[in-house]
Amino acid sequence: MKKKNLFWIFIPARSGSKSIKNKNIKLLNRIPLLAYSVISAKKLKIGRVVVSSDSKKYLNIAKKYGSDFLHLRPKKFSKDSSTDLDVFRGFLR
């Protein structure tokens with residue numbers, strides 16, 4: 001018996017990059033970079049794909065490319081100093 005949704009693949013995508021503005025949605029071959037992460041995660045077929053972002057625009061892109069769950073996170077978990085662990089803990093709360 002195959003178990004579905006055994007794992008959750010968590011993709012953090014912050015909009016506030018200082019080096020390259022909006023780098024997560026820059027196009028590569030007419031596809032946003034964030035979409036490549038979602039598409040790759042979906043191909044694994046091992047669980048749900050969760051995208052966490054501080055941007056509704058980013059979440060709309062993730063939804064378009066098949067993310068199973070969207071998490072709009074608060075700005076306090078979207079700072080330069082925020083770690084992936086901080087983001088994940090915020091998601092669990």
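Worth saying up front: this structure is predicted, and the values here are computed from it rather than measured. Note that these values count all heavy atoms, side chains included, but never hydrogens, waters or copies made by symmetry.
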Measure the CD1-CD1 distance between Ile25 and Ile31 for me, rounded to the nearest 0.5 Å.
14.5 Å
Name the orientation class of the two ring planes belonging to Phe10 and Phe88 (parallel below 30°, tilted from 30 to 60°, perpendicular beyond 60°).
perpendicular
Close side-chain approach of Leu27 to Pro32, heavy-atom, < 4.5 Å:
yes
Donor-acceptor check, side chain of Ser67 to backbone of Val49, threshold 3.5 angstrom: yes or no?
yes
Heavy-atom closest pair (Arg73 atom, Arg14 atom, distance to 0.1 Å) is NH2-CB, 3.4 Å
Hydrophobic cluster membership, with links at side-chain heavy-atom distances under 4.5 Å among I/L/V/M/F/W/Y: are Val50 and Leu92 in one?
yes
Would you give the length of the straight line joining atom OG of Ser55 to atom CG of Asn24, rounded to the nearest 0.5 angstrom?
9.5 Å
Can you run down the salt bridge (charged side-chain N to carboxylate O under 4.0 Å, His left out) pairs that involve residues 49-65, sequence neighbours left out, and say none if there aren't any?
Asp54-Lys75
Applying side-chain hydrogen bond (donor to acceptor under 3.5 Å, both in side chains) as the test, list every pair that has at least one member in residues 27-39; sequence neighbours left out.
none
Once salt bridge (charged side-chain N to carboxylate O under 4.0 Å, His left out) is applied, what residue pairs with a partner in residues 84-93 remain, sequence neighbours excluded?
none
Test side-chain contact (heavy atoms from CB on, under 4.5 Å) applied to Lys42 and Asp68, step by step:
CA-CA 9 Å; Lys42 293 293 285 185; Asp68 299 305; 3.0 Å; yes
d(Ser52 OG, Tyr58 OH) to nearest 0.5 Å is 13.0 Å
State yes or no: do Ile61 and Leu28 share one hydrophobic cluster built from I, L, V, M, F, W and Y residues joined by side-chain heavy-atom distances below 4.5 Å, directly or via other members?
yes
